[in-house]
Amino acid sequence: PEPDAIYHNAKVVTGNDGFEVAEAVAVADGRIVAVGSDATVTALARPTTRMVDLGGKPLLPGFYDNHI
């Protein structure tokens, strides 16, 4: 799907088994549709895609505390 927003120029902690670090994330309809390098993910942008430059800051997966 065409991404609504792309968050790029980041240190994206994937949370996968290897806790790999990517550079960009594409989101469509509230769901992550792509994770990878800036070049790969920003290539998915369309004229209506909101581009968010995170300036090298970290982007972490959501954390939920089941004890609250």
Side-chain angles (χ1 to χ4, degrees):
E2 183 178 309
D4 301 317
I6 293 178
Y7 301 89
H8 63 98
N9 187 22
K11 292 179 178 72
V12 181
V13 178
T14 62
N16 64 13
D17 290 338
F19 275 91
E20 298 166 333
V21 177
E23 297 173 322
V25 174
V27 178
D29 296 321
R31 296 185 181 265
I32 295 173
V33 294
V35 177
S37 69
D38 278 338
T40 300
V41 177
T42 58
L44 302 173
R46 301 294 179 252
T48 59
T49 303
R50 183 170 62 114
M51 301 296 288
V52 181
D53 185 340
L54 294 178
K57 295 177 183 169
L59 179 64
L60 303 172
F63 294 102
Y64 296 94
D65 184 349
N66 295 333
H67 303 290
I68 293 180

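Positions are given from 1 along the sequence. Scope of the values below: all heavy atoms of this structure, side chains included, with no hydrogens, waters or symmetry mates.
Residues E20 and N16 share a closest heavy-atom pair of OE1-ND2, 2.9 Å. Closest non-hydrogen pair, T14 versus F19, comes out as OG1-C, 3.9 Å. Among all heavy-atom pairs drawn from T49 and P3, the shortest one is OG1-O, 2.9 Å.
The side-chain contact (heavy atoms from CB on, under 4.5 Å) test with S37 singles out one residue from V41, V35, T40, and that residue is T40.
The hydrophobic clustering, which links ILVMFWY residues whose side-chain heavy atoms are closer than 4.5 Å, places V27 and V12 together. Placement of I32 and L54 within a single hydrophobic cluster is found when ILVMFWY residues are connected by side-chain heavy-atom separations under 4.5 Å, directly or transitively. Clustering ILVMFWY residues whenever any of their side-chain heavy atoms sit less than 4.5 angstrom apart, transitively, puts V25 in the very cluster that holds V52.
At least one donor-acceptor pair closer than 3.5 Å links the side chain of D38 to the backbone N or O of N9. R50 places no side-chain N or O within 3.5 Å of a backbone atom of T48 that could act as its donor or acceptor partner.
In this structure, K11 NZ and L59 CG are separated by 12.0 Å, a value rounded to the nearest 0.5 Å.
Within 6.0 Å of CG on L60 lie more than 12 heavy atoms contributed by other residues, nucleotides or ligands. No more than 12 heavy-atom neighbours from other residues, nucleotides or ligands sit within 6.0 angstrom of CG on D29.
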